[in-house]
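Just so we're on the same page: letters track the sequence lines, and every chain starts at 1.
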Amino acid sequence: MQGLVPAATDGNMATEFHNLQELRHSASLANKVFIQRDYSEGTTCRFQTKFPSELESRIERTLFEDTVKTLNNYYAEAEKIGGQSYLEGCLACATAYLIFLCMETRYEKVLKKIAKYIQEQNEKIYAPRGLLITDPIERGMRVIEISIYEDRGSSGSSSGSSSVSGSTAR
Amino acid sequence: MKNCEYQQIDPQTLQTPTPTPPPHLHGKESKQREEEEEEPKRPRRKWEVFPGKNRFYCDGRIMLARQSGVLPLTLGLILVTCGLFFVFDCPFLVIHLTSCIPFIGGSLFVFVVITLLQTSFTDPGILPRATPDEAADIEKQIDNPGNSSYRPPPRTKEVLINQQVVKLKYCFTCKMFRPPRTSHCSLCDNCVERFDHHCPWVGNCVGKRNYRFFYTFIVSLSFLTAFIFGCVTTHLALRAQGGKGLVSVTAVELVICFFSVWSILGLSGFHTYLVASNLTTNEDIKGSWSGKGGEDVTNPYSHKNIFINCCTVLCGPMPPSLIDRRGFLPSDESAQTSGVDIELPSAPSKSEINVCTQGTKGLLESATRSPLITTSCPQGKPQAAHTCPDISPAMNSDPSPEVSTSCGARHIMISHGDTSPQRHTKTRSKRSKRAALHIPNPAFDVPVSPTSPDAGLGSKSGAHKGASFAPLH
């Protein structure tokens, strides 16, 4: 019904699903870390790359900084003011901005790329370490929220088992 | 009780009855049972529980400020004046002058109306309020040890932007430090990015996302009024030459246009200056970067080049709306009809384009399923709107037992956090009633100088506007 991708299509994915499901069922939310915005270059979207102390035992500093720097680069690309954005702006003005109703703006395209990137980072790097990054767009582009999960170590609770069996069955 | 503020709900949404189970059964179990018994209930969209004072139409596609009182007047004036022009002046002028007059007038008129509606109906750049976790984190960072009574966090934080010290203020309603150039509009009860002013004539705030529409509107309106004024004057002159009498209707148009032209031209000129120096009305009136008192302050946002400033402001990339109006609330949160005034965003979905995620736990689930959802939920705005309803009920039925247990804690957080915003909202609503019509700087903790707003903004029509506008020149 929900059309889960069968595990056979991608071996890696199956492993990652397995990791995430394990995480979900054996972990509880312990803490959340918020990476704040860095306004030193103005109002463009940038996040601080300072490594929070709560994550010290959880993830390597370089991995974290890479993630934040890549995100910053994506946002810089979205907000870049150059030839293409001028063209988009002038065309939009000429059509009384009606093309915004039909066309997907460059910003939105980059946001999709960011969402995909974050999901990929979650699956490959953060979930195996019991962390989860929330896309900043869901927090009004104010913070990158990283949820820290504590491993309960016990078997999955009954509330989760139905969806486990449900998802593995597909 | 808070729900009654969100009036003007599109009748289409009323297919979904507000939860009918008796109050004491108000809970996830009854809601789920209800959902399972009836055919899949339409999940509530986020605009229905939006905490700001906004009105939503067309199922969240269109938004307006709560107080949109003068927008009908603006529209009416434009429509009436143009209507009279086309009916009474165009025929005469087509005969005696040139036949392209109606075309020019018509295209200007269409341009004006479209940009006006876009200014009014677009999200100006509202920042969603902080989630309870975020708010708690901020308060922890600005920890006030030893204070027994609840003291609000310190109000300001300083950042260095392009070697300029900028103070960021803490917004008590939205529970966050406002980004630079963001201001809280007391009329709309929202923090708006790059806040310019709240314009009653368009019935909305003017901020980052709709400033270009607003600017195009006033510039094209200046052209339109100047054009009509010129045509009407020509018409009267030709009539006088021809020995015919004055037409009273034309005289009415003349009067309206005469006063409009000066005020709107002045307003356009003022905003052109603002665009060229990358300032907002708010900053200009507060004198944030004017270097008063001999301090060496410059506008840190300006690119020091008029052309680049103009291009940045008017032709820059169009940022997305941060309040996900049309996203769906998760089933457990939609059960809280009256309770949730604030943080719906603990379980948001990003936008129509993105997949329907459901909070952090849900994110894990969706991370497991999202490759599937991206395949089944084709990307693209119109399609997402169709597929999401298919997916969320499906998701509700499966993970709902789990989501409900995991979100149980969130219920408590939300209900606790409920009281203070209500308090703030009530005081703010009282303040807004006392507020003047023109409020370029409605940040509630900054006094508004009564004279400069009128001088700075002018108005669209009326005799007194012309007079009050004089000081600017």
Colleague: If you look at every heavy atom in E134(B) and V143(A), which pair is closest and at what distance?
Modeller: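 Where E134(B) meets V143(A) most closely, the heavy atoms are CD-CG2, 3.6 Å.
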Colleague: Is F223(B) atom CZ crowded by more than 12 heavy atoms from other residues, nucleotides or ligands, each under 6.0 Å away?
Modeller: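 Count not over threshold, so no.
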Colleague: Take atom NZ of K50(A) as the centre, draw a 6.0 Å sphere, and report whether it contains more than 12 heavy atoms from other residues, nucleotides or ligands.
Modeller: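 Not more than 12 within 6.0 Å, no.
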Colleague: Is it the backbone or the side chain of K80(A) that comes under 4.5 Å from a heavy atom of chain B, or both, or neither?
Modeller: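 The answer is the backbone of K80(A).
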Colleague: If I compare all heavy atoms of Q118(B) with all of A96(A), which pair ends up nearest, and what's the gap?
Modeller: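 For Q118(B) and A96(A), the tightest heavy-atom pair comes out as OE1-O, 3.0 Å.
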Colleague: Against chain A, label Y301(B) side chain, backbone, both or neither, depending on which of its atoms sit under 4.5 Å from a heavy atom there.
Modeller: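 For Y301(B), the contact with chain A is made by the side chain alone.
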Colleague: Taking every non-hydrogen pair under 4.5 Å, which of R212(B), R181(B), M176(B) racks up the most with chain A?
Modeller: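 Sorted descending by pairs with chain A, the first entry is R212(B).
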Colleague: Does any heavy atom of chain B fall under 4.5 Å from the side chain of A92(A), the backbone, both, or neither of them?
Modeller: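 Neither; nothing under 4.5 Å.
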Colleague: Please report the shortest heavy-atom distance between C93(A) and F111(B), naming the atom on each side.
Modeller: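 Heavy atoms of C93(A) and F111(B) come nearest at O-CZ, 3.2 Å.
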Colleague: Tell me which of these, T115(B), N162(B), L314(B), has more heavy-atom pairs under 4.5 Å with chain A than the rest.
Modeller: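 Looking at each option in turn, the highest pair count goes to N162(B).
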Colleague: Heavy-atom pairs under 4.5 Å with chain A - which of V159(B), D137(B), I114(B) has more of them than the others?
Modeller: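 Among the listed options, the one with the most contacts to chain A is D137(B).
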Colleague: Considering only heavy atoms, which portion of P300(B) lies under 4.5 Å from any heavy atom of chain A: side chain, backbone, both, or neither?
Modeller: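 Neither part, no heavy atoms under 4.5 Å.
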Colleague: Given heavy-atom pairs under 4.5 angstrom as the criterion, report whether the side chain, backbone, both or neither of R142(A) touches chain B.
Modeller: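 Interface part for R142(A): side chain.
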Colleague: To the closest 0.5 Å, what do you measure between CG (L117(B)) and OH (Y97(A))?
Modeller: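 Those atoms lie 15.0 Å apart.
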Colleague: With a 4.5 angstrom heavy-atom cut-off, is it the side chain or the backbone of I126(B) that approaches chain A, or both, or neither?
Modeller: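 Neither part.
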Colleague: Can you find a pair of side-chain heavy atoms, one from Y39(A) and one from L168(B), that are under 4.5 Å apart?
Modeller: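 Yes, at least one pair of side-chain atoms sits under 4.5 Å.
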Colleague: Quick one: closest heavy-atom pair of T105(A) and M318(B), and the distance?
Modeller: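 In terms of heavy atoms, the two residues are closest at OG1-O, 4.0 Å.
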Colleague: Between P317(B) and I81(A), what is the shortest heavy-atom contact and its length?
Modeller: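 Nearest heavy atoms, P317(B) then I81(A): CD-CG1, 4.3 Å.
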Colleague: Tell me, for L98(A) versus chain B, whether the close heavy atoms (under 4.5 Å) come from the side chain, the backbone, both or neither.
Modeller: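 Both backbone and side chain.
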Colleague: For the residue pair L322(B) and G140(A), what are the closest heavy atoms and their distance?
Modeller: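 Distance-wise, the nearest heavy atoms are CD1-O, 3.4 Å.
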Colleague: Rounded to the nearest 0.5 Å, what separates atom NZ in K208(B) from atom OG1 in T43(A)?
Modeller: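 Taking NZ in K208(B) and OG1 in T43(A), the distance rounds to 6.0 Å.
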Colleague: Hey, what do you get for CD (Q84(A)) to SG (C315(B)), rounding to the nearest 0.5 Å?
Modeller: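 The distance works out to 13.5 Å.
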Colleague: With a 4.5 Å limit on heavy-atom distance, are the side chains of F34(A) and D133(B) in contact?
Modeller: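 They are in side-chain contact.
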Colleague: Could you grab the distance from atom CD of Q163(B) to atom OG of S40(A), nearest 0.5 Å is fine?
Modeller: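 It is 9.5 Å, given to the nearest 0.5 Å.
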